[in-house]
2 protein chains.
Amino acid sequence: MKRHVTIKDVARVAGVAPSTVSYVLNGSRAVTAETTKAVLEAVDQLKYRPNPTAQGLVSGAYRTIGVVSAQIYSQYRGRVVAGIHSALRGTGYHPIVSGIEDFAEPDEVLETVMGRGVDALIFHDHFFPPERIAELHRQMPVICVAREIDGMPDRSVLVDEVNGGYLATQHLIELGHTRIAHFVADHHFQGAAQRLAGYRKALEEAGIPFDPALVFQGDNLGDSGLRLAYELLESGVPVTAIFAANDYMAYGAILALHRRGLRVPEHISVVGYDDEHTSGFYVPPLTTIRQEPREMGRTAAEAVLKLLRGEVFRTVVTPTRLIVRESTAAPGHAG
Amino acid sequence: MKRHVTIKDVARVAGVAPSTVSYVLNGSRAVTAETTKAVLEAVDQLKYRPNPTAQGLVSGAYRTIGVVSAQIYSQYRGRVVAGIHSALRGTGYHPIVSGIEDFAEPDEVLETVMGRGVDALIFHDHFFPPERIAELHRQMPVICVAREIDGMPDRSVLVDEVNGGYLATQHLIELGHTRIAHFVADHHFQGAAQRLAGYRKALEEAGIPFDPALVFQGDNLGDSGLRLAYELLESGVPVTAIFAANDYMAYGAILALHRRGLRVPEHISVVGYDDEHTSGFYVPPLTTIRQEPREMGRTAAEAVLKLLRGEVFRTVVTPTRLIVRESTAAPGHAG
DNA sequence: CTGTTAGCGCTTTCAA
DNA sequence: TTGAAAGCGCTAACAG
C-alpha cells in the first residue's frame, strides 16, 4: 500500500520550510504571493492532503462531531443525521456516527465515537444512561436531540411533542370521535409522556373525560401495535379511534384491525406519529404527525458549533404538524 | 474542558518510563510482574485510555474501517451496518459510517471517511463511481457489498439476486399466474439486472414467453411503484401479478391498485424484495424475498479483517429466500 | 516575510 | 528487564 504524501514532501518540492506550507494552507500567517503560489503548485502536483489525525494531535481539536443515534433504520432518525451532515458541510467539521444497532452497549458506542477523537457530541438516543451523558458533558460540548438531561440546561433540541399529541387527538375529536385509545411510545423515550400529555390536553379541552382503560403502553415496534390493538379489542372497551405514538405501532394496529375484519377508517380511525417515509404508501395512507427531523439535525449541529466557538446556545423547540391522509374519518362512517 | 490523561502521567504515577507503560499495555515486550502490576494500578487509578489518534499516527494503522452506505434508512441497509459492527466487536477495529444521505457527494463522503484515517473501506452504495472505488482499492483493502467492480476480483460480498428474482417469480407461477409484471429496481443498482434475469429464468423454465410490455423501470421508491402500477393499469396489458424489485415499490403498487379498486391478493398478487421491517405489518402483509443483510455485513467485515492480515478472500454469494405472507394468492381468486 | 525548533501522545528502535 | 530518544505528520512559538 502507498505511503502518504506529507507536508515535508510539499515543502521540498516547493523549496520552502514545512511550516511555511502549513501557514499557506491554514492562512495563519502572512505569506508572499510568490511563496503561496509555489506551495499551492506543489500541493496540486503531489495531491497533498493534510492528515487530520496529525492536525488533531497537535491542536487537540479533531474537527469531528460524534453522533450517537439509536435505531437509525427509522427514516425519521436518518433524517436527523442527514440534517447534521448538511449543517456541518463546509464548516470543516465532520460527523462520525455510531450506535446504529438497537441495543449497542453504551461503552462500546462511546469507544467507537470518542476513541476517534471528537470535539463534541450529539446524542439522539433515549437508551443511553443520562449520568454517562452528563459526565461527558463535563468534558466537551454535548447536545441532545429530543431529550433533556438533568443538570444540562440549554443543551437540547426539542420537539413540541405535547403539541404533536394534542394535534393528533384534536383532529380525531374534530372528526367527532370521543372514544380514542392511545398507544404510548416506548417508556425510555421522554416524548412518550409528552405525547400522552398532549392527548390528555386535547381531551380535557373538549370536555371528554380521560379514561385510563384507553391507554396502552407500547414499545414503538410494529408488533407492539398489533398486540395492543388485539388487547384493546379483547378488552371490550368501545373505541372509534386510535392514536398511536409512532407510525410503526399504527401499522401494527391497522393490521390487527384488518385481521379482525375492521376497516380503517370506516370502522376505526388511526393516527400515527413521525411520518415515516412508508406512511404515505400504506393502505390506507396514514394520517400522522410530522416533525422536522432534518431541521432538528441542522439545529443540533449548529448548536454544537456555537458551543465550540464559546457562544451560548438556548434550548430550542421545533414544531410538529398534522398530516391528514386517509386513515382517519368521522366515526360511525360504516356502521 | 478537561485535559486527557497521557501515558506520561501513568509513567510518573507508576514510577516507570512511558515506554514501559506502552510495553505493558501492548504486551510487546516482556515486563516483570511487579512492574506490570504497578503500571496497571496507575492505569486504573488515573482511568487512562490510550489515545488511538496518537497510536495511529505512529503505527500508520488506525484500527478503523470506513463504511460508505447509501440510503441507510432502509432497514435492510441498516442491518448490513449492524452486521459490520457486530463482526468488528472485540477485534479492536471500529467502523465509521458515512454517506447517510441519499445523494451525498462522493468527494465529501470520502473526505469524511478517509480524513479520519481508515485502514480499509466497505462500500454499500451503488451510486459511488466505480473508478473512484477502484482507485481506493489500490491504496487499501476495499470490499463491496452487493456490487462487483471491474478490476477488483474477490472483493465483494454478493447476494444471490438471480435466485431471488427466480424464487419470487416461481412462487407466482406455482400459484397459477402467467401474466406477471416486473418493476425493475433502480438502474444504478447491479442487482436490478440480476433480479430481472431471475424473473426471466423462471418464466422460461415454465414455458411462459417473456413479454417486454410487462417490465417497467423503477427507482426503488414508493412513489415509483405507485406510478408504475398506474402505468401498467392504463396500458391495458392484462396482468394478474406484480413482482416489484423492492418492498417500497411494492407498497406503492399496492396503494395504486387499492385506489383503482383492485384488492391484493384477490385481484392481483404482489411480491416485493428485501423484507423491510415494515413489510410484515403492511396490509396485506407482504410476500417478499429475504436476504441476510446482517450476515452480509458480518462477512464483509470479516473479509476486510482478512485482507488486513494479508490473507486471501474469495467473493462470497449469500443466499436469498422466499417469505410467503398474504399479498399473493392464486389468480382469479376474486373474479 | 520565512525558517528552525519543540512538542502533541504514542510506539519502537537503540542502549544500557 | 528497563530507560532514553527518535520520530509519526503537523502546528505554533521563537528567532531571525
Side-chain angles (χ1 to χ4, degrees), chain A residues 1-40 42-43 46-64 92 111 114-119 139, chain B residues 1-40 42-43 46-64 92 111 114-119 139:
Chain A
M1 313 278 158
K2 211 166 59 181
R3 206 183 63 82
H4 223 78
V5 177
T6 79
I7 201 170
K8 282 187 190 163
D9 300 319
V10 177
R12 198 176 331 106
V13 170
V16 300
S19 56
T20 302
V21 176
S22 169
Y23 289 127
V24 169
L25 261 24
N26 301 315
S28 40
R29 172 160 101 175
V31 180
T32 344
E34 201 179 1
T35 316
T36 303
K37 186 161 162 285
V39 168
L40 260 23
V43 166
L46 300 175
K47 293 199 213 308
Y48 167 70
R49 310 268 305 127
N51 177 336
T53 304
Q55 291 178 315
L57 228 209
V58 173
S59 60
Y62 299 91
R63 312 235 109 204
T64 299
E111 195 181 328
M114 304 284 299
R116 297 313 104 179
V118 300
D119 301 317
Q139 302 173 225
Chain B
M1 312 278 157
K2 210 166 59 182
R3 208 184 63 82
H4 223 78
V5 177
T6 78
I7 201 170
K8 282 187 192 163
D9 300 320
V10 178
R12 197 176 332 106
V13 171
V16 300
S19 53
T20 301
V21 176
S22 169
Y23 289 126
V24 169
L25 260 25
N26 302 314
S28 39
R29 174 162 98 176
V31 180
T32 343
E34 200 180 3
T35 316
T36 303
K37 184 159 164 288
V39 168
L40 260 21
V43 165
L46 300 174
K47 293 199 214 307
Y48 168 71
R49 310 270 301 129
N51 177 337
T53 304
Q55 292 178 312
L57 227 209
V58 174
S59 60
Y62 299 92
R63 312 235 109 202
T64 299
E111 195 180 327
M114 305 284 298
R116 297 313 105 182
V118 299
D119 301 317
Q139 303 172 225

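Heavy atoms only: backbone and side chains are in, while hydrogens, waters and symmetry mates are out. Throughout, protein chains are lettered first and strands after them, A, B, ... in sequence-line order, and every chain is numbered starting at 1.
- When every heavy atom of Ala11(A) is checked against every heavy atom of Ala17(A), the shortest pair comes out as CB-C, 3.8 Å.
- Lys37(B) is linked by a salt bridge (Lys or Arg N to Asp or Glu O under 4.0 Å) to Glu41(B), counting only residues two or more places apart in sequence or in another chain.
- Counting only residues at least two apart or in different chains, side chain to side chain donor-acceptor pair (under 3.5 Å) contacts with residues 23-32 of chain B comprise Ser22(B)-Asn26(B), Thr32(B)-Thr35(B).
- The side-chain contact (heavy atoms from CB on, under 4.5 Å) search around Leu40(A) returns Val24(A), Leu25(A), Thr36(A), not counting sequence neighbours.
- Computed from coordinates, the Arg12(B) CZ to dA4(D) P distance equals 14 Å when rounded to whole Å.
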Check: protein-nucleotides 13-16 of chain C nitrogen or oxygen pairs below 3.5 Å:
from, atom 1, to, atom 2, distance (Å)
dT13(C), O4, Tyr23(B), OH, 2.8
dC14(C), N4, Arg29(B), NH1, 3.4

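- One can place CZ of Arg49(A) at 11 Å from P of dC10(D), the figure rounded to the nearest angstrom.
- Listed pair Thr35(B) / dT2(D) meets the phosphate criterion, a side-chain N or O lying under 4.0 Å from OP1 or OP2.
- At whole-Å resolution of the value, CG in Leu57(B) and C1' in dT11(C) are 11 Å apart.
- Here dT2(D) is the nucleotide among dT2(D), dG3(D), dT11(C) with the atom lying nearest to any side-chain atom of Thr32(B).
- In this structure, Ile7(A) atom CD1 and dC8(D) atom C1' are separated by 13 Å, rounded to whole Å.
- Summary of helix geometry: the two end axes of the helix from dC1(C)-dG16(D) to dA16(C)-dT1(D), each defined by five base pairs via their C1' atoms, are inclined to each other by 50° (rounded to 10°).
- Taking only side-chain atoms of Asn51(B), from C-beta outward, the nucleotide of dG3(D), dC10(C), dT4(C) with the closest atom is dC10(C).
- Taking the side chain of Thr6(B) as heavy atoms from C-beta on, and the options dG9(D), dC10(C), dG3(D), the nearest nucleotide is dC10(C).
- Atom NZ of Lys8(B) is separated from atom C1' of dC8(C) by 9 Å (rounded to the nearest Å).
- Which of dG9(D), dT11(C), dG3(C) sits closest to the side chain of Asn26(B) comes down to dT11(C).
- What separates CZ of Arg63(A) from C1' of dT11(D) is a distance of 13 Å, to the nearest Å.
- Note that the CD1 atom of Ile7(B) and the CG atom of Leu46(B) stand 12.0 Å from one another [nearest 0.5 Å].
- Heavy-atom nearest nucleotides on DNA chain C were determined for Ala54(B) and for Ser28(B), and the one closer to the 5' end corresponds to Ala54(B).
- For Arg49(B), the salt bridge (Lys or Arg N to Asp or Glu O under 4.0 Å) test picks out Glu111(A), with sequence neighbours left out.
- Nearest heavy atom pair, residue Tyr48(A) against residue Val5(A), reads CD1-O, 3.4 Å.
- Test Thr6(A), Val13(A), Val16(A), Asp9(A) against Val21(A) for side chain to side chain contact (heavy atoms under 4.5 Å, CB included) and you get one pass: Val16(A).
- Residue Gln55(A) places its side chain closer to dT11(D) than to any other of dG3(D), dG9(C), dT11(D).
- At a threshold of 4.0 angstrom between heavy atoms, the contacts of Val31(B) are confined to the sugar-phosphate backbone, with no base atom among them.
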